[in-house]
Participant: 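Before I ask anything, let me first share the structure, which is written out below as structure tokens.
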Amino acid sequence: DHLANFAYGNLLFITYEHFPEMHDVFKRFARVFEQTYTRFLDLQKAEAQAREATIEAALESVRASSMAMHNSEDLKKVVKTLSDKLIHIGLSLDGALIFFFEKKKKSFHYWIANNTLPAPIQIDMPYDEAIQNNPIISDYWKAIETGQDFINKSYGGKVKDDYFRFAARNNESKIPEAVRKFHLEVENLTISLAAGKNSLVGINSWSGKSISQQDFKVLKRFAKVFEQAYTRFLDLQKAETQAREAKIESALERVRARALAMQEPDELKDVAAVLRHEMGLLGVEELETCSIYIKDINTEKAECWYALKEVRSTENRLVNDHFALDLNETWVGREMLQFYNAPEKQISIVMQGINRKEWINYCEEKSVPLRGYYGEELLARTYHLYKFSYGAIGAAAVADISIESWGLLKKAASVFSLAYSRFKDLTQSRTDLINLKEEKKRAEDALTNLQAAQTQLVQSEKMASLGELTAGIAHEIQNPLNFVNNFSEVSKELLDEMREAIEKGNTEDAKEIMNDVIQNLEKINHHGKRADGIVKGMLQHSRSSSGVKEPTDINALADEYVRLCYHGLRAKDKSFNATIKTDFDESIEKINVIPQDIGRVVLNLLTNAFYVVNEKKHQYPELDYEPTVTIKTSSIHPPSGSRSIQVKVSDNGGGIPQKILEKIFQPFFTTKPTGQGTGLGLSLSYDIITKGHNGELKVETKVADPGSSGKGEGSTFIIHLPL
């Protein structure tokens, strides 16, 4: 063996004999071959660069095609470009495949392209539990969910046949008969797929040919570029969906606006016309009519408002009308009635043959615009209904309507349900308004009568308190009157004696008698003024409040009303007796109040206190119980805030139960027997203190146990008057 080295390796020469003289020749051959191999490497590099340029050009074409997409429909062009370029660079064995997955629906579809097809075909593969575990489908899902590629994987026999039978069953109109037959006759299907985030890109082979690892790397590059295109497709699809939704909402808003503008029930036919027009603008052209059915909840009858194209018009105008129908009179009506009584929200009623003819005749009889509309045509039609709260919205079509059209009917039903509810409310409001005006007039009359009665009751309350005062005043005024009468009689007798003394000339006796008369006259004057003050106080209480505040001695006012109230009650009931305790703070200066009003409040609280202790005494005569009423005044000096005068009226009665405690200041509320109280005393007192004097009137109470002697129990009403 003879080895001659060159830059990239060795040349081996084998001879049967030793030829040393040939070594130089071998070296020369090696140098020449080195030049040849260098040329080979240069050509190989150029070919690789050319292929890379071809691949890059193909990838750029896919990129450009994806960037040129203006709507989601343009994805088909990108798929075509991708498959063409795979075929162009020799990567497509027998076809190019691109898969898209809808993970929520567990379904997918794929595009297949090859030289025998004029354009790529989309094959839909919906979810089907019976086929979902097929190894081919399982491998597809595993690849997209894990991001793992697979290369040169072959499937045959029942696995392959089940897969293609399922594809043919769901894409009957797309896959030619010859192709279906070929799929079942071929022995094996070999697939290589490169996984992207949202799609799979691959190639398939029917002859068992396989793809090299180097070529699969190129396929991966195409998958990556196509992933960008698919991302753009998803963005366009989302934008189109949003634009479509906006267009639908705009259309529904026009339906809503027309429905809300209704003033009369007959205008529902105009709403039906707007609905039909808007659905036509949205491209739902499979519809013939749009109808609104309002079912009577008490009977098996309904009202129908409809709109349809006027077939005899060249202007594509809509005809709308309204008619009443009895759902029991036709087969279609009975189907509707059954639907109204069922829980389902939607239904498709197929009208054909005699049932279709019966419905046409019935509608033509009920509505003039429908007469002759259908002519002699009795082709089957399907009536699609979607419920809302008062009935249903319907659409007649040649056959089934799309999912989108069902969605539009559902949204229209929702819109119309709200609009019709408002319309019903407005209709009811008219009746309610008339009734309201009548009720308002009755209420105003009742208020006038009530105000008159209230005025009388307030006056009665004042007169009742005045009556109680009068008895006390009579007792109070009797004492000074007795003094006036007695001293008047004594003075008359003294004057007679003085006259006799003068006549006898006894001037000294006359002078002494005169001094006694003068003293008597002074006493008469004193007690006369006292009676005058009592009368003025009575008049002041009886007259309406002037509303003018004036400096008032609270202690004197309270003391006066205690005596007047007690003696007034004694005058009415000789058996009445109670202990009165007073505790007046002598440091209190005069404060600005309306004396008549504060007097009424004190009188009312005292009257109530004497009443409850007297009631308890009569209710429990066996108790060692001493009825006691206490009135106390004090000056309050809080650490912060304004000083105030406090007046407390307490009793040791039975207390106020919790269930009526919140009601005691309400007008006309009383616990006294009928005829013994108006229920206005505490209400008026509360208003006088809080509204007239910016003060506070509250109560503290403890309900006495049955048989209690009353110690530590009863109620205390507290008046706060700010200085």
Side-chain angles (χ1 to χ4, degrees), residues 462-463 465-546 548-574 576-577 580-600 602-603 606-607 631 633:
K462 290 167 63 177
M463 294 307 294
S465 62
L466 181 60
E468 293 172 356
L469 270 179
T470 302
I473 289 170
H475 178 274
E476 286 292 300
I477 206 171
Q478 190 63 48
N479 286 332
L481 286 176
N482 288 338
F483 277 110
V484 169
N485 293 333
N486 290 337
F487 283 118
S488 296
E489 291 176 3
V490 171
S491 296
K492 181 178 180 300
E493 293 175 357
L494 288 174
L495 286 173
D496 289 337
E497 291 178 5
M498 186 177 68
R499 183 176 59 188
E500 290 177 1
I502 292 173
E503 289 176 351
K504 292 177 180 180
N506 191 350
T507 58
E508 290 298 325
D509 289 342
K511 288 180 180 180
E512 289 180 5
I513 294 172
M514 183 178 64
N515 289 332
D516 290 339
V517 170
I518 291 172
Q519 290 178 2
N520 286 348
L521 289 176
E522 288 175 351
K523 291 178 180 179
I524 289 171
N525 184 53
H526 169 74
H527 290 291
K529 287 182 178 179
R530 181 183 170 194
D532 180 64
I534 294 172
V535 171
K536 286 181 178 178
M538 179 187 69
L539 294 175
Q540 188 179 48
H541 179 80
S542 63
R543 70 173 182 263
S544 298
S545 170
S546 63
V548 177
K549 294 181 180 180
E550 56 186 76
T552 303
D553 186 339
I554 289 295
N555 291 338
L557 184 144
D559 184 58
E560 178 184 0
Y561 277 91
V562 167
R563 289 184 291 104
L564 293 178
C565 182
Y566 177 77
H567 290 305
L569 292 173
R570 286 275 298 169
K572 290 194 297 183
D573 182 4
K574 296 299 182 182
F576 171 76
N577 196 13
I580 302 173
K581 295 182 179 181
T582 60
D583 183 5
F584 297 139
D585 185 350
E586 297 300 333
S587 66
I588 297 175
E589 67 272 21
K590 289 184 178 182
I591 63 171
N592 279 326
V593 295
I594 304 172
Q596 307 98 304
D597 289 350
I598 298 300
R600 286 182 186 136
V602 172
L603 177 64
L606 287 168
T607 302
I631 183 165
T633 63

Participant: Indicate the atoms forming the closest heavy-atom contact of Asn592 with Pro551, along with that distance.
Facilitator: OD1-N, 3.2 Å
Participant: For Ile580, what residues pass the side chain to side chain contact (heavy atoms under 4.5 Å, CB included) criterion, not counting sequence neighbours?
Facilitator: Val562, Tyr566, Thr582, Phe610
Participant: Before you tell me yes or no, could you show the steps for Arg600 and Asp597 under side-chain contact (heavy atoms from CB on, under 4.5 Å), namely the whole-Å CA-CA distance, both residues' side-chain angles and the distance that decides it to 0.1 Å?
Facilitator: CA-CA 5 Å; Arg600 286 182 186 136; Asp597 289 350; 3.2 Å; yes
Participant: Checking Asp573 now: which residues fulfil side-chain hydrogen bond (donor to acceptor under 3.5 Å, both in side chains) with it, not counting sequence neighbours?
Facilitator: Ser575
Participant: Between atom CG of Leu606 and atom CZ of Arg563, what is the distance when rounded to the nearest 0.5 Å?
Facilitator: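 Reported to 0.5 Å precision, the distance equals 12.5 Å.
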Participant: Please name all residues satisfying side chain to side chain contact (heavy atoms under 4.5 Å, CB included) with Glu497, sequence neighbours left out, ordered by chain then number.
Facilitator: Leu494, Ile513
Participant: Could you tell me which residues satisfy ring-ring contact (aromatic ring centres under 6.0 Å, His included) with Phe584, sequence neighbours excluded, listed by chain and number?
Facilitator: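 Once residues adjacent in sequence are excluded, Phe584 has no partner under the ring-ring contact (aromatic ring centres under 6.0 Å, His included) criterion.
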Participant: Find the distance between NZ (Lys574) and CG (Leu569) and round it off to the nearest 0.5 Å.
Facilitator: 12.0 Å
Participant: Starting at CD of Glu500, measure out to CG of Asn506 and round the result to the nearest 0.5 Å.
Facilitator: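 Nearest 0.5 Å value for the CD-CG distance: 11.5 Å.
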Participant: Let me confirm one number: the CG-CG distance from Asp583 to Asn555, rounded to the nearest 0.5 Å.
Facilitator: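 Here the interatomic distance stands at 9.5 Å.
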Participant: Which is it for Leu521 and Asn525 under the side-chain contact (heavy atoms from CB on, under 4.5 Å) test, yes or no, and what are the steps along the way?
Facilitator: CA-CA 6 Å; Leu521 289 176; Asn525 184 53; over 6 Å; no
Participant: For Lys492, give me all partners under salt bridge (Lys or Arg N to Asp or Glu O under 4.0 Å), at least two apart in sequence or on another chain.
Facilitator: Asp496
Participant: So, using side chain to side chain contact (heavy atoms under 4.5 Å, CB included) as the criterion, who are the partners of Asp585 when residues are at least two apart?
Facilitator: Ser587, Ile588, Thr633, Ser634, Ser635
Participant: Side chain to side chain contact (heavy atoms under 4.5 Å, CB included) with Thr552: which residues, sequence neighbours excluded?
Facilitator: Glu550, Leu557, Val593, Pro595
Participant: Tell me every residue that passes salt bridge (Lys or Arg N to Asp or Glu O under 4.0 Å) with Glu589, counting only those two or more places apart in sequence or in another chain.
Facilitator: Arg643
Participant: I need the Met514 CE to Leu495 CG distance, nearest 0.5 Å.
Facilitator: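 CG of Leu495 is found 11.0 Å from CE of Met514.
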